[in-house]
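Before any comments, here is the structure.
In this text the structure is predicted, and so the values were computed from the model without any measurement.
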Amino acid sequence: MYKVHQYADASEFLNKTKASLEKHELVHTFPLWVSDLALADAATGQAKAQSYSAITKLDHTVESNNDDAVVVLAAVFYDGFMYISGGGMHEQPMVLDGALGDALDELIRGCPTNLHEIKRFHGYRPFLDQVAARWTTNCHEWKYESVWSYVLEKREGAHNVNWTDAMRAMAGRMEIATERDLPLLKTWIQHFMIDDGYFGPMSDAEAIAFCTKEIKARAAYIFHVDDVPVGTVYKRRVLRQGLSLGYVFTDRAHRRKGYGAAMVATMTRDMLENEDFQYVTLLMNGQRDPKANCIYHDIGYQLCGRLAFLVRAENTN
């Protein structure tokens, strides 16, 4: 038995669904994360346009008075983006016909967010393809962009990070960035945006605002080798069981020395050992071969899915 829900706000959505979503936290990372973000924005008076929907299924295998125990699909809209989760992260399509298909159609019809408000759908393929095909009646106006998603999970209490002899011999350490590091971080995030090529250039004011916020949140880290700062990595999408690493950047003057791999390995180990997370994820440009010359794969990360963005054509370059 499937049931469609529309929630008033992020607080009600998380109150009703979080326990179920966290059982498969990796799959539902983005709805969980953006709902937390919405709560934080609301607390500072910066709330954006938003809506929260879900399809649940009665789970007869658990003892509960709540017939909404298992979330099959979550759809969270925030600030122009519709985050869809469900159906797993791998290449096996989910059967969306019969009662579940009817429930999805009901969710779409009842969603407070109109299609014209959605600039981008966000989720894992092929599940996103299936949902978006029902949601968008004018698919010729939409364009796919994608990235590869990697995960490294703690197993039997161990972090399972692969270390080379060169990495072990490297006198490298991670440190949380402070205000004194702002000029360096500003330069690095601007260079990252140029090198990455996806987001476009970042102005001085934007870079200062971004780095200041991340320093205050204690989310920006700097990798030092022999007491010289050589690169940076940021905590992203921190949840109860795991988190992501993002904006991984090695200073242009220190590349091709193995610092990037050592930095990611050190940060991953620290998150799994010292902060007791159960997994760490990373994203990589979807145009690249996910295994060829990939430092993430060499460190021990495993490919876990294709994260895709279905973007309105007028919002692409």
Side-chain angles (χ1 to χ4, degrees), residues 5-18 21 25 27-54 71 73-86 107-108 110-125 127-128 131-132 135-136 138 141-147 149 189 192-193 196 198-203 205-214 216-217 219-220 234-239 243-244 246-247 281 283 286 307-317:
H5 307 263
Q6 305 291 347
Y7 303 97
D9 52 29
S11 180
E12 183 185 12
F13 172 75
L14 289 174
N15 182 53
K16 296 289 188 179
T17 68
K18 191 172 185 178
L21 295 176
E25 185 179 279
V27 172
H28 297 294
T29 290
F30 286 90
L32 283 166
W33 164 71
V34 80
S35 299
D36 284 339
L37 176 62
L39 289 176
D41 285 349
T44 57
Q46 302 179 60
K48 313 291 194 308
Q50 57 195 280
S51 67
Y52 304 86
S53 310
V71 176
L73 181 150
V76 173
F77 173 78
Y78 194 70
D79 195 21
F81 289 13
M82 180 63 79
Y83 298 87
I84 306 291
S85 68
L107 180 148
I108 293 170
C111 181
T113 301
N114 294 319
L115 182 60
H116 69 81
E117 298 178 76
I118 302 174
K119 298 177 182 178
R120 176 183 298 189
F121 286 89
H122 186 293
Y124 283 96
R125 303 184 76 174
F127 186 65
L128 178 64
V131 175
W135 210 308
T136 59
N138 51 349
E141 295 183 4
W142 300 80
K143 175 183 176 182
Y144 267 112
E145 299 172 355
S146 63
V147 295
S149 182
I189 194 62
F192 172 88
M193 294 299 179
D196 182 74
Y198 180 79
F199 297 100
M202 180 180 279
S203 70
E206 290 172 330
I208 290 172
F210 173 84
C211 294
T212 299
K213 181 179 179 180
E214 298 302 311
K216 184 176 180 181
Y234 290 73
K235 283 183 178 180
R236 313 301 298 165
R237 297 179 289 281
V238 179
L239 298 174
L243 79 163
S244 298
Y247 305 113
T281 62
L283 301 177
L307 185 63
F309 319 112
L310 186 59
V311 187
R312 282 191 181 275
E314 59 267 30
N315 294 317
T316 60
N317 295 325

- Lys/Arg cation over aromatic Y83: R120, 6.0 Å, 45° cone: no
- Query: What class does the angle between the rings of F13 and Y7 fall in, given that below 30° is parallel, 30 to 60° is tilted and above 60° is perpendicular?
  - Reply: perpendicular
- Between Y52 and S35, is any side-chain donor less than 3.5 angstrom from a side-chain acceptor? no
- State, to 0.1 Å, how close G86 and V27 come at their nearest heavy-atom pair, and which atoms those are. N-CG1, 4.0 Å
- Message: With side chain to side chain contact (heavy atoms under 4.5 Å, CB included) as the criterion, how do R236 and E214 come out once you've worked through the C-alpha distance, each side chain's angles and the decisive distance to 0.1 Å?
- Response: CA-CA 10 Å; R236 313 301 298 165; E214 298 302 311; 2.9 Å; yes
- Query: Looking only at heavy atoms, what is the nearest atom pair of V238 and L243, with distance?
  - Reply: CA-CB, 3.9 Å
- Item | For the student: nearest non-hydrogen atoms of T113 and M82, plus distance | CB-CE, 4.3 Å
- Heavy-atom side-chain proximity of S146 to L307 below 4.5 angstrom: no
- Query: Does the N114 side chain pair with the main chain of H116, one donor and one acceptor, at a distance under 3.5 Å?
  - Reply: no
- Message: Could you check whether F210 and Y234 have their ring centres less than 6.0 Å apart?
- Response: yes
- Task: For the residue pair T17 and L32, establish whether any side-chain heavy-atom pair is separated by less than 4.5 Å.
- Result: no
- Is there a side-chain contact between D36 and L14, using heavy atoms and a 4.5 Å cut-off? yes
- Are F121 and T136 close enough that some pair of their side-chain heavy atoms sits under 4.5 Å apart? yes
- Do any N or O atoms from the side chain of T44 and from the backbone of D41 form a donor-acceptor pair under 3.5 angstrom? yes
- Query: Should Q46 and D79 be marked as a side chain to side chain contact (heavy atoms under 4.5 Å, CB included) after you check the CA-CA gap, both sets of side-chain angles, and the distance that decides it?
  - Reply: CA-CA 11 Å; Q46 302 179 60; D79 195 21; over 6 Å; no
- Message: Taking the side chain as everything from C-beta on, heavy atoms only, tell me whether R125 gets closer than 4.5 Å to Y144.
- Response: yes
- Do L73 and F127 come close enough that some side-chain heavy atom pair is under 4.5 Å? yes
- Minimum-distance pair of heavy atoms, taken over all atoms of A207 and I189: CB-CG2, 3.8 Å
- Closest non-hydrogen atom pair, E117 against P112: OE2-O, 4.0 Å
- Please work out which of the three classes, parallel, tilted or perpendicular, describes the rings of F30 and W33, given edges at 30° and 60°. perpendicular
- Query: Between E206 and M202, is there a donor-acceptor pair closer than 3.5 Å when you use the side chain of the first and the backbone of the second?
  - Reply: no
- Query: According to the interplanar angle, ranging from 0 to 90°, do the rings of Y247 and F192 count as parallel (below 30°), tilted (30 to 60°) or perpendicular (above 60°)?
  - Reply: perpendicular
- Between I84 and W135, the two heavy atoms sitting closest are CD1-CZ3, 4.0 Å
- Query: With side chains defined as the heavy atoms from C-beta onward, is the minimum distance between T29 and T281 less than 4.5 Å?
  - Reply: no
- Got a donor-acceptor contact below 3.5 angstrom from the Q50 side chain to the K48 backbone? yes
- In plain terms, say whether E25 and K18 are close enough for a salt bridge, that is, a side-chain N and a carboxylate O under 4.0 Å apart. no
- Message: Within the 4.5 Å heavy-atom criterion, are S244 and R237 side-chain neighbours or not?
- Response: yes
- Message: For the CG atom of L107 and the OG atom of S53, what is their distance to the nearest 0.5 Å?
- Response: 4.5 Å
